[in-house]
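Heads up, the thing below is written out as structure tokens.
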Amino acid sequence: MIIIYKKMKNKEKEKQQAPQQPQQDDAKLAIPRKNYRFIIIGMMVMAAGYILMLGGGSKDPNVFNYSMFSFTRTVLSPCLFVLGVAIIIIAIMRKPE
């Protein structure tokens, strides 16, 4: 028992005396900075898709407004939104260089 205790004490002293090396893995981010730029760009593209979907309604409930079925609202804005999501997914999954 005493021998085991002394060995444990010696190991603790060695750990305390050993120079501590800076851990480089902790300094790295999970996603590289370049990929954060792509994530922000993807969010901007998604926001543009949402902005293009705005409007098209009528202030008078008795009048129907066909502008809500325009190409911009039915085709272009959903495509922009999906493109933004794809950009974000690629930015997250892309390996650092």
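Just so it is clear, the structure is predicted and the values come from calculations on it, not from any experiment.
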* **Audit row: Leu52, Arg73, side chain to side chain contact (heavy atoms under 4.5 Å, CB included) steps and yes/no** => CA-CA 6 Å; Leu52 289 176; Arg73 290 186 179 90; over 6 Å; no
* To do: Could you check Leu80 against Met46 for side chain to side chain contact (heavy atoms under 4.5 Å, CB included), going step by step and ending with a plain yes or no?
  => CA-CA 6 Å; Leu80 277 177; Met46 285 175 56; over 6 Å; no
* Let me see the working for Tyr66 and Phe64 under ring pair (Phe, Tyr, Trp, His ring centres under 6.0 Å), right down to the final yes or no. => CA-CA 6 Å; Tyr66 286 98; Phe64 186 76; 4.8 Å; yes
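One distance of note links OG1 of Thr72 with CD1 of Ile51; it measures 13.5 Å at 0.5 Å rounding. Taken to the nearest 0.5 Å, the OG1 atom of Thr74 stands 9.0 Å off from the CZ atom of Phe69.
Residue Leu76 is grouped with residue Leu83 when hydrophobic side chains (ILVMFWY) are merged at heavy-atom distances under 4.5 angstrom, including chains of intermediate members. When hydrophobic clusters are built by joining Ile, Leu, Val, Met, Phe, Trp and Tyr residues whose side-chain heavy atoms come closer than 4.5 Å, directly or via intermediates, Tyr36 is grouped together with Met93.
Other residues, nucleotides and ligands place no more than 12 heavy atoms under 6.0 Å from the CE atom of Met43.
Remark: side-chain polar atoms of Ser77 are not paired, donor with acceptor, to backbone N or O of Tyr50 under 3.5 angstrom.
When each of Ile89, Ile92, Ile90 is paired with Ile39, the side-chain contact (heavy atoms from CB on, under 4.5 Å) condition holds for Ile92 and for no other.
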